[in-house]
Amino acid sequence: MLDINYIRDHKETVEQAIVNKGEKDTSIVEKVLAADEKWRAKVHEGDQLRSESNNKSSKIGQLMGQGKKEEAQAIIKETSAMKETIKEIDEDVKALRKERDDLLLRIPNVPHPSVPVGATEDDNDTFKTWGKPDERDWLKPHWELTERHGWVDFERGVKVTGAGFPFYVGPVAQLQRALINYFINEAVKNGYTELQAPYFVNEDSARGTGQIPDKEDMMYVIPRDEFFTIPTAEVPVTNFHRDEILELKEVPKKYVCHTPCWRREAGSYGKDVRGLNRLHQFDKVELVKIVKPEDSYDELESLRVHAEGLLEALELPYRTLLMCTGDMGFTQSKKYDLEVWSPGQKRWLEVSSCSNFESFQARRMQLRYRKGEKEIEIVHTLNGSGLALPRVVSAILETYQEENGRVRVPEVLKPFFNRDHL
RNA sequence: GGAGAGAUGGCUGAGUGGCUGAAAGCGCUCCCCUGCUAAGGGAGUAUACCUCCAACGAGGUAUCGAGGGUUCGAAUCCCUCUCUCUCCGCCA
């Protein structure tokens, strides 16, 4: 969420941000400011009354100590009368606070000035392309290869769980494991701390990173125990430091974490979900950074470069998109998507998304750092995939296939295989 | 799952109704002293919100696991919940 004081001082900026992110109605800004005004007035009223009451109560204590019972009784009468009013005001304060916060949570993050203004994916900037898309026309899509070799078992996945929950078999299971290892090793080399995280989170965590209230339909829910299955490691890892004040020397924090990710993906169909393109469960290696505000845009660039480096090491052509305001989501200030070329499908597949949330997530989860002796400041948070597994597997299978149907092992993964072909 | 104990500031740990936002110790910061080291002396050291102020700052309110209750007044009494620890059971 945004800082209410920021909204007060930058009303037009926030309204413009709402429009740029694709919402027509900006009246929520007026509403939240009005609600805040009402809440503050009520808080003040309550504080003043309580102050008066506290003074009187301590006087009662003194008088009792001196044995002046009658005088004390007189004041008790006064404070008794105040009790009811204070209670009513407290209830009003609570209601007004909730009203304000509910509105506040529905205001999206403000895009960074460098972000192109636009409505749809057509307005994204192609920030960078690397390598040449492989146009050999005999290249098969990955699902033909996996079917021929029995490397991914979709049917048994359906039997055991349902659509979108495949089994990976033999060499492709090994390939995936090798990639996970490789990605984590590279991140650790780059100064990230390896983390293994819970796969379920509670409601506070889901709110902390912004899945609630904006995207709760993407998550699977375990109602009996009030858990959500994680849609990405971003959720547990960013919440790792929720409600903490980090020391200056502890910042930046950089974490790498591999987890399965579960997404309901309601409404997907057709070629989007063919093969490994879109699944309900997939593995991902996630990178999370907690940084000082003044460093967050440099950190975003280094995050992007790191993720791009993984694709380059695998020699997979890709492009990097700078997402426009309308295509980047509620919580981000700036976001890059990395798309790998799928030569068997002749299309780009998103394998990473690197975002700066500025203080939007950190404020929700009260994640701060001690800037100076007295000064405490909200941190900025970032995350990026490094990388999402199934689509990288697809791209590797398709890119490294030979005419006889065999698939070569990428050079950087050879240490994990001790052989040339899957 | 059964039985018991507990939850207080960065940490340890006092505190059973008013003068306790909280003793004491440790840690940390600044200052003083000592030729160095060791030791010693003094001051400071939670967070959120509100009001006033151009600002420095001043004042107020809340917070002793969470929520509710009793009371003029709650860290302290009562209720509910959560979590932690110990023992037993079960278990990769």
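Every chain is numbered from 1 and lettered A, B, ... according to where its sequence line falls, protein lines coming before strand lines. What you see is a predicted model, and the numbers here were worked out from it, not measured in a lab.
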Task: Qualifying residue, where the test is salt bridge (charged side-chain N to carboxylate O under 4.0 Å, His left out) with A:K289 and the options are A:E234, A:E301, A:E299 - done: A:E299

- [ ] Determine the interatomic distance between P on B:rG57 and the same-named atom on B:rC79; round to the nearest Å.
- [x] 47 Å

Open item on the list: For A:E144, is there an ion pair with A:R148 - N to carboxylate O distance below 4.0 angstrom?
Closed with: no

TODO: For B:rG17 versus B:rU76, give the span between their C1' atoms, rounded off to a whole number of Å.
DONE: 7 Å

Task: B:rG68 and B:rU29, which share atom name P, separated by this distance in whole Å - done: 40 Å

- [ ] Measure the distance from CG on A:L246 to P on B:rU47 and round it to the nearest whole Å.
- [x] 14 Å

Task: Ring centre gap for A:Y400 and A:H421 strictly below 6.0 Å - done: no

Open item on the list: When the P atoms of B:rC33 and B:rA75 are compared, how many Å lie between them, rounded to an integer?
Closed with: 43 Å

Open item on the list: Any base atoms under 4.0 Å from A:I60, or only sugar-phosphate, or nothing? Heavy atoms, all strands.
Closed with: base

TODO: Return the minimal non-hydrogen interatomic distance between A:T259 and A:C257, and the atom names on each side.
DONE: CG2-SG, 3.7 Å

TODO: Could you state the atom-to-atom distance from CZ of A:R363 to P of B:rA48 in whole Å?
DONE: 13 Å

TODO: Using the P atom on both, measure B:rU80 against B:rC87 and round to a whole Å.
DONE: 27 Å

- [ ] For the pair A:R8 and A:D36, find out whether any cationic side-chain nitrogen is under 4.0 Å from an anionic carboxylate oxygen.
- [x] yes

Task: Residue closer to the 5' end of RNA chain B, A:T79 versus A:R100 (nearest nucleotide) - done: A:R100

Open item on the list: Taking B:rC19 as the reference, what is the distance to B:rG73 when you measure between their C1' atoms (whole Å, please)?
Closed with: 13 Å

Open item on the list: Can you measure A:E45 atom CD to B:rA62 atom C1' for me and round it to whole angstrom units?
Closed with: 17 Å

Open item on the list: What is the distance, to the nearest angstrom, from the NZ atom on A:K42 to the P atom on B:rG60?
Closed with: 23 Å

Open item on the list: Between B:rA39 and B:rC53, how many Å separate the two C1' atoms, rounded to a whole number?
Closed with: 46 Å

Open item on the list: If I take atom CG in residue A:N202 and atom C1' in nucleotide B:rU82, what distance separates them, rounded to the nearest angstrom?
Closed with: 12 Å

TODO: Ignoring the backbone of A:R50, work out which of B:rG73, B:rU47, B:rU61 is nearest its side chain.
DONE: B:rU61

TODO: Specify the residue among A:G61 and A:R368 whose closest nucleotide of RNA chain B lies further upstream toward the 5′ end.
DONE: A:G61

Open item on the list: Please classify the nucleic acid contact of A:S58 as base, sugar-phosphate, or nothing, using heavy-atom distances under 4.0 Å.
Closed with: nothing

TODO: Determine which nucleotide pairs with B:rG27, using a 3.5 Å limit on both distances of a Watson-Crick or G-U wobble pair.
DONE: B:rU45

Task: Base-pairing mate for B:rA39 - Watson-Crick or G-U, with both contacts under 3.5 Å - done: none

TODO: May I ask which nucleotide in the shown strands pairs with B:rG73, Watson-Crick or G-U wobble, both distances under 3.5 Å?
DONE: none

Task: Closest to the A:I376 side chain, choosing from B:rA48, B:rG18, B:rC49 - done: B:rA48

- [ ] Write down the distance between CE (A:M365) and P (B:rU47), rounded to a whole number of angstrom.
- [x] 20 Å

- [ ] Ignoring the backbone of A:K94, work out which of B:rC50, B:rG73, B:rG68 is nearest its side chain.
- [x] B:rG68

Task: Pair partner, B:rG17 [Watson-Crick or wobble, under 3.5 Å] - done: none

Open item on the list: Whether A:K59 contacts B:rC72 is assessed here as follows: a side-chain N or O lying under 4.0 Å from the phosphate OP1 or OP2. Is that the case?
Closed with: no

TODO: Taking atom P in both B:rC64 and B:rG1, compute the distance separating them and give it to the nearest angstrom.
DONE: 30 Å

Task: Residue A:I245, side-chain heavy atoms: nucleotide from B:rU61, B:rG73, B:rU47 that is nearest - done: B:rU47

Task: Phosphate contact (B:rA62 OP1 or OP2) by A:N54 side-chain N/O below 4.0 Å - done: yes

Task: Complement of B:rU51, any strand, by Watson-Crick or G-U distances under 3.5 angstrom - done: B:rA58

Task: Closest to side chain of A:R370, choosing from B:rU47, B:rC72, B:rC49 - done: B:rU47

Open item on the list: Can you identify which nucleotide, out of B:rG18, B:rA62, B:rA46, has its nearest atom closest to the A:M64 side chain?
Closed with: B:rG18

- [ ] Identify whether the distance between the nearest side-chain nitrogen and carboxylate oxygen of A:K189 and A:E186 falls below 4.0 Å.
- [x] yes

Task: Residues A:K11, A:E30: salt bridge by 4.0 Å N-O rule - done: yes

TODO: If B:rG89 has a Watson-Crick or G-U wobble mate with both distances under 3.5 Å, name it; if not, just say none.
DONE: none

- [ ] Send over the distance from A:R242 CZ to B:rU47 P, rounded to a whole Å.
- [x] 20 Å

- [ ] Would you indicate what A:K83 reaches in the nucleic acid, counting non-hydrogen atoms under 4.0 angstrom: base, sugar-phosphate, or nothing?
- [x] base

Task: Distance flag, aromatic centroids of A:H380 and A:Y369, threshold under 6.0 Å - done: no

TODO: Using whole Å, report how far CD1 of A:I4 lies from C1' of B:rA48.
DONE: 16 Å

Task: Closest listed nucleotide, where the reference is the side chain of A:S51 and the choices are B:rU71, B:rG60, B:rC49 - done: B:rG60

- [ ] Searching all strands shown, indicate the nucleotide that pairs with B:rC81 (Watson-Crick or G-U wobble; both distances under 3.5 Å).
- [x] B:rG65

